[in-house]
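I have placed the structure first, in the form of structure tokens, so that the comments after it can refer back to it.
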Amino acid sequence: MKESQPSAIYLKDYTVPPFLIDKTELTFDLDEATTIVTSRLHMRRNPASGKSTAPLILDGGEDVKLIGVAMDDYALPPEEYRISENKLIITATADEFVLTCETLIEPQNNTRLEGLYRSSSMFCTQCEAEGFRHITYYLDRPDVMSVFTTTIIADESRYPVMLSNGNEVERGKTDEGKTVVVWHDPFPKPAYLFALVAGDLAVKKDVFTTQSNRDVALQIFTESHNIDKVDYAMEALKRSMRWDEEAYGREYDLDIFMIVAVDDFNMGAMENKGLNIFNSSCLLASPETTTDDSYLRVEAIVAHEYFHNWSGNRVTCRDWFQLSLKEGFTVFRDQTFSADMHSATVKRVEDVSFLKTAQFAEDAGPMAHPVRPASFIEISNFYTLTVYEKGSEIVRMIHTLLGEEKFRAGSDLYFDRHDGQAVTCDDFVAAMQEASGVDLTQFKRWYSQAGTPIVTVTDEFDSATGTYRLTMKQETPATPGQPTKLPLHIPVRVGLLDEQGIPLSSVVENLQADEHVLHLTQAEQTIEFTGLSCQPVPSLLRGFSAPVKLRYDYSSADLLLLMSTDSDGFNRWSAAQQLAVNELTTLMSQAIDGKPLEVDSQLAQGFSTLLHDDTLDPAMVGLILSLPSQAYLSELANPIYPAQIKQAREYLKRQLANTLSAEFERTYHLHSIKGDYQPTAEHIAHRSLKNIALSYWVETKSERAQLAVSHQFESADNMTDQFAALGMAVSAQLAAAPAMLAAFYEQWKDEPLVVNKWLMLSASQDQDNALDTVKSLMSHPAFDLKNPNKVRSVLGGFGQSVSGFHKEDGSGYRFLADQIILLNKRNPQIASRLCTPLTRWKKLQPLLGEQMKGELERILAEDLSKDVYEVISKSLV
Ligand code: B3K
Ligand code: ZN
């Protein structure tokens, strides 16, 4: 362990920067061995800071070597500056000056993939949140916005493409024959949005004409062998640009918009001004190599990064505590975009399912934090589901409270008022409140209070007066650092149905309607619905109108009714999930008690109705047929018995398969589509229902079903069908599965993105020898510890192997801990992300939980990066 441990920084300590940087001029002399960066920073004291004698303190990294520093061209002698804890400190400065720094960095030795690094044969950058300081000394904070001019000097034969933010303004040669390219970005921006790319890249070009009739050049760059896989991303980009004009009135501002795909990238993509950089897995797509899910992901991420041009770049964050200002809002924007492009209900179900599985688990664990955190040790650890997904839910609730028109007035005011500024979540809410006249004072607690509220609903019906009363109680469990909680403003969308499922109109506060938005603002509140002729079945929290856990004692009959009749598609899915959860909970208890499993499945009846109704949206039917995942059931359980959850799921799936085998076989054939692959909502829907039906049918192990799986695997003309067949063969443990896995690798070994899917599936196999399998995958030629996608595939996949990861002797946990220790120094961000499954130890059954805790303690004894230290130390509190 280190002598002194990293310490936290606090939102309450925020102060404005003592200096500003009006202009930033950077020169990169690119070379494989060493790169020399010269910066000329046009600085002045910040009049708003009131500190007229404060020293100049610039952020740097341990990997940046200072060659020289000059002020107004006077080279500072060593006694006039010092470097301490990676900061460059200059005590005496004028009020206005030009600071020149020359630094040396080694991109090829940069394994953290922050700052400037090499991926394949190219140079690329990643600067958010605090990566720029690994390039040169700077005021690396988002409230310092500067106009950047970037000069790139490189050998053109190896780096014919040299890119940075903004527009290319100059091109020439040095005396030694190297090429010099100068880029200028007229929009002031924080350093986290800086980007540079140099490499031998192919480009796909297009043009977008904006609503005000300006032509914008669109360029997508990849290594040449991938350039045939960017058409879908280009079309998605154009759809995003058009949508942001229509939905938010936001037009693109520069003359050129570029995207570059790189293979080694810590996350999905990055919204650098005018030069987005993407993990190739989030950009490239072709029918043969890309599944439907990945197509949708490419479209959503292209949109997300593009939307940041306004929600993030033009209006940015004052400090990193405000991260959700740009991320929550931009996720809401991309979710709405995808909903508009495809099916809104399907999109909502997928997003909510993800939130309830992963964000709720985060909220219930040791890293729980508010959407606007009050403190952090390492900001990279706060690019979380809470900041992103729950942050988006907060914006969605504002949308629900304001309605479409006022919400748009609020966003217009926000963008116009704060264009070119670095602002806070409070500024966002203030604009929404001011433009709408809706009081959001209490609502703002959603930003500062962590944890998932539990809303418990009870009801009574007075038949004499036709009055129905709903009593709602809210309670938010304690989270680290927040023992007590205040009531939140929770919008609850409610409809009432009669016993046939027909909507009942009712009156709430003088408003007659089929559906009401109730405002739960107190710890407990009763709401009266009048004008009812019969006892209703409530359809609560329609569309998941707030990110809460809803508790209401539905009977199975109520759930079956909602599942087959509710006018709210989301709640039809939700009712089916609840019914499945109820049955699985019974089965899990039996498994834990060592009893034989048996359940009188009501779900089979509901599924049968769905499978016979050919008028329904096949995508929705597919979603309803999908049983709650192992991860979701783990989130609900306390304590978690992983093996018994798995046993219960497998049992129920087999039961349903056997009961409804004819229906599944029929559905499989009915939804098999002919013709060319198309990633349209309609085709995706048919494929998804067909593959879910087949995945049930094959559980019967009938010969016909097994043949259908092998046939689909061999003859599919698209990755969705081929990979689905492979996945179900593996999970049903068909005899043919090992040969299919081998054949798949052989077929796709030259397509790294497909190989990643193979690595993930192979690592997630639920077998006793799963640990041996994962170890052999890590020494497989296809594996590469430098590449985050491969690490995520293998170790993320292994985490899903219940019998491998949760092995009773603790060997699975030990193995993951070893990998975290190995990656801790090489790539702290990736190492820290890998810790997540270990943070759940307190909820695991004691036997397993103790083993996990032991591994956390072992990791903590190492010399840790800030990233890993924060997660591990907080998990052990
Ligand atoms: N803003 C980036 C995320 C950066 C993560 C840095 N550790 C991508 C996005 O959310 O759009
Ligand atoms: Zn984002």
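We number each residue from 1, following the sequence as shown. Indexing begins at 1, ligand by ligand and atom by atom, following the structure's order.
In terms of heavy-atom proximity, Pro480 sits nearest to Ala368 at CD-CB, 4.0 Å.
Scanning the protein for heavy atoms near atom 8 (C) of ligand 1, the closest one is Ala269 O, 2.9 Å. Among protein heavy atoms, atom 1 (N) of ligand 1 sits closest to Glu128 OE1, 2.6 Å.
With the Zn ion (ligand 2) as vertex, His304 NE2 and His308 NE2 subtend 100°, rounded to 10°.
Of all the N, O or S atoms in Glu327, the one closest to the Zn ion (ligand 2) is OE1.
Comparing Tyr383, Tyr192, Tyr388 by heavy-atom distance to atom 5 (C) of ligand 1, the nearest is Tyr383.
Residue contact check: Glu271 has heavy atoms under 4.0 Å from atoms 1 (N), 2 (C), 8 (C), 9 (C), 11 (O) of ligand 1. Of all atoms in ligand 1, listed by their number and element, those nearer than 4.0 Å to a heavy atom of Lys326 are 1 (N). Per-residue contacts place His308 under 4.0 angstrom from the following atoms of ligand 1 (heavy atoms of the residue considered): 9 (C), 10 (O), 11 (O). Near Gln829, meaning under 4.0 Å from one of its heavy atoms, ligand 1 places the atoms 7 (N). Short contacts between ligand 1 and Met270, defined as distances under 4.0 Å to a heavy atom of the residue, involve ligand atoms 1 (N), 2 (C).
Cation-pi geometry between Arg239 and Phe337 is not met: the NZ or CZ atom fails to fall both under 6.0 Å from the ring centre and inside 45° of the normal. Under a cutoff of 6.0 Å and an axis angle of 45°, Arg297 and Phe278 do not form a cation-pi pair. Taking the ring axis of Tyr14 as reference, the NZ or CZ atom of Arg318 stays within 45° of it and closer than 6.0 Å to the ring centre. Both tests hold for Lys273 against Phe187: distance to the six-membered ring centre under 6.0 Å, angle to the ring axis within 45°.
For the residue pair Asp363 and Thr452, a side-chain donor N or O sits within less than 3.5 Å of a side-chain acceptor on the partner. Judged by distance alone, the side chains of Gln335 and Ser392 do bring a donor and an acceptor atom under 3.5 Å apart.
With Thr384 as reference, His369 is the one residue of Glu327, Gln359, His369, Glu389 to meet the side chain to side chain donor-acceptor pair (under 3.5 Å) rule.
Looking at ligand 1, you'll find an N or O of Glu327 within less than 3.5 Å of one of its N or O atoms.
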